[in-house]
Amino acid sequence: GVLACTPQDPPLEEEKNPEEEIPAPEPEPDPAPEPDPLPAFETSFEAIANMGVGWNLGNTLESVWTGDTDGRDWRKWETGWGQAVTTPELMTMMKEAGFGAIRVPVSWGVHMDADGKIYDEWMNRVQEVVDYVLDAGLYCIINVHHDTGADEELAWMVASAEGYARERQRFENLWKQIAERFRDYDQRLLFESYNE
């Protein structure tokens with residue numbers, strides 16, 4: 001007779017116990033590149049070179065508008081001189097237009113209680129605007145704006161030896177609060193202690 005050959009199936013692999021299987025480790029994702037660190041200290045010449053051209057966010061946080069509101073309602077003060085509420089998009093636009101620094105003038109006196117404590121609502125808004133500037137990759141300068149000057153109707157810190165003697169404690173207290181709020185910021189945040 002004729003023998004018929006049928007192909008044989010390959011031998012079966014031994015069954016594996018799923019508990020004994022060790023999955024291959026997932027590959028580690030590539031870490032995000034670290035941003036270039038800022039120098040630990042900039043000289044004034046380096047800061048000026050790094051800042052480049054600046055722009056002033058005028059008629060917003062320095063308004064001393066005297067409408068029917070107290071100093072806690074930041075929106076009414078920020079828009080009191082006809083400007084729109086400041087947005088992060090504005091700072092991004094300034095960066096894209098080639099600016100390197102934004103000056104944010106700030107008036108404080110109308111936003112303090114009788115003991116010289118800055119209202120939280122105002123300090124929070126100033127910090128929010130500072131963060132918009134820094135998050136856009138710009139330098140930021142904040143100051144004490146219409147609190148100072150020669151006009152005693154607007155200014156509580158009159159530009160005279162007598163005015164300073166009278167308001168020195170309040171002025172120091174103001175800057176202590178500003179320093180405390182921004183103490184963890186880097187050198188891209190600059191301070192102008194006295195305007196006008």
Side-chain angles (χ1 to χ4, degrees), residues 38 41-42 44 47-48 51 54-88 90-91 94 101-136 138-196:
L38 290 166
F41 176 80
E42 285 180 315
S44 57
I48 290 168
M51 280 190 272
W55 181 79
N56 189 62
L57 179 66
N59 296 331
T60 57
L61 300 184
E62 88 275 28
S63 98
V64 284
W65 176 73
T66 53
D68 58 344
T69 182
D70 69 22
R72 291 177 179 83
D73 187 350
W74 63 262
R75 273 186 176 78
K76 285 191 178 177
W77 290 90
E78 186 171 340
T79 61
W81 284 356
Q83 299 288 42
V85 168
T86 307
T87 64
L90 174 63
M91 298 309 149
M94 291 298 148
I102 304 293
R103 179 178 181 247
V104 180
V106 183
S107 292
W108 302 89
V110 292
H111 306 287
M112 293 178 175
D113 66 19
D115 297 323
K117 163 90 169 56
I118 302 165
Y119 297 131
D120 290 337
E121 295 88 345
W122 186 249
M123 183 66 92
N124 292 342
R125 179 56 179 163
V126 172
Q127 183 174 15
E128 189 171 42
V129 172
V130 166
D131 289 344
Y132 294 164
V133 174
L134 298 175
D135 289 348
L138 298 153
Y139 280 73
C140 184
I141 304 164
I142 61 172
N143 71 358
V144 172
H145 206 76
H146 290 305
D147 302 87
T148 62
D151 184 344
E152 293 195 40
E153 288 184 30
L154 293 177
W156 56 270
M157 185 64 189
V158 178
S160 68
E162 295 80 15
Y164 183 72
R166 184 176 60 248
E167 298 292 355
R168 175 182 172 184
Q169 192 60 49
R170 187 178 182 196
F171 188 68
E172 288 179 1
N173 182 47
L174 166 62
W175 274 106
K176 283 178 184 173
Q177 293 174 78
I178 296 169
E180 178 67 26
R181 177 57 68 102
F182 293 105
R183 67 183 177 181
D184 295 326
Y185 283 61
D186 64 32
Q187 73 270 19
R188 291 177 306 138
L189 177 59
L190 304 161
F191 304 97
E192 176 192 358
S193 61
Y194 196 91
N195 181 70
E196 299 177 354

*asked:* Please determine whether side chain to side chain contact (heavy atoms under 4.5 Å, CB included) holds for the pair Glu62 and Leu57, giving the CA-CA distance in whole Å, both sets of side-chain angles, and the decisive distance to 0.1 Å.
replied: CA-CA 9 Å; Glu62 88 275 28; Leu57 179 66; over 6 Å; no
Determine, for [X] against [Y], whether the closest basic-nitrogen to carboxylate-oxygen distance falls under 4.0 angstrom.
X	Y	value
Glu78	Arg75	no
Lys117	Asp115	no
Glu172	Arg168	yes

Test item: [X] and [Y] side chains (from C-beta on) under 4.5 Å apart, heavy atoms:
X	Y	result
Val130	Tyr185	yes
Asn195	Arg103	yes
Cys140	Ile102	no
His111	Asp147	no
Asp70	Glu121	no
Phe191	Ile142	yes

After noting the C-alpha distance and the side-chain angles of Arg170 and Leu174, does the key distance pass the side chain to side chain contact (heavy atoms under 4.5 Å, CB included) rule?
-> CA-CA 6 Å; Arg170 187 178 182 196; Leu174 166 62; 5.9 Å; no
When Val133, Asn56, Thr60 are each screened for side-chain contact (heavy atoms from CB on, under 4.5 Å) with Val104, the one that passes is Val133
Could you measure the distance from the [atom1] atom of [X] to the [atom2] atom of [Y]? Nearest 0.5 Å is fine.
X	Y	atom1	atom2	result
Glu128	Arg125	CD	CZ	4.5 Å
Gln187	Glu42	CD	CD	4.5 Å
Tyr132	Leu90	OH	CG	10.5 Å
Ile178	Trp108	CD1	CH2	4.0 Å
Arg183	Lys176	CZ	NZ	14.5 Å

Subject >> side chain to side chain contact (heavy atoms under 4.5 Å, CB included) assessment of Ile48 paired with Tyr139 >> reply: CA-CA 10 Å; Ile48 290 168; Tyr139 280 73; over 6 Å; no
Which atom pair, heavy atoms only, marks the closest approach of [X] to [Y]?
X	Y	value
Val126	Phe182	CG1-CZ, 4.2 Å
Val106	Asn143	N-OD1, 2.9 Å
Val158	Arg166	CG2-NH2, 4.0 Å
Trp122	Leu61	CZ2-O, 3.2 Å
Leu134	Arg188	O-NH1, 3.1 Å
Gln83	Asn59	CG-O, 3.1 Å

query = Can you tell me if Gln177 uses its side chain to pair, donor with acceptor, with the backbone of Ile118 under 3.5 Å?
reply = yes
Taking Ser63 for its side chain and Trp77 for its backbone only, find out whether a donor-acceptor pair lies under 3.5 Å. yes
For Trp74 and Tyr119, run side chain to side chain contact (heavy atoms under 4.5 Å, CB included): C-alpha distance rounded to whole Å, both residues' side-chain angles, the deciding distance at 0.1 Å, then the answer. CA-CA 10 Å; Trp74 63 262; Tyr119 297 131; over 6 Å; no
| field | Sub-6.0 Å ring centroid separation between Trp81 and His146 | value | yes
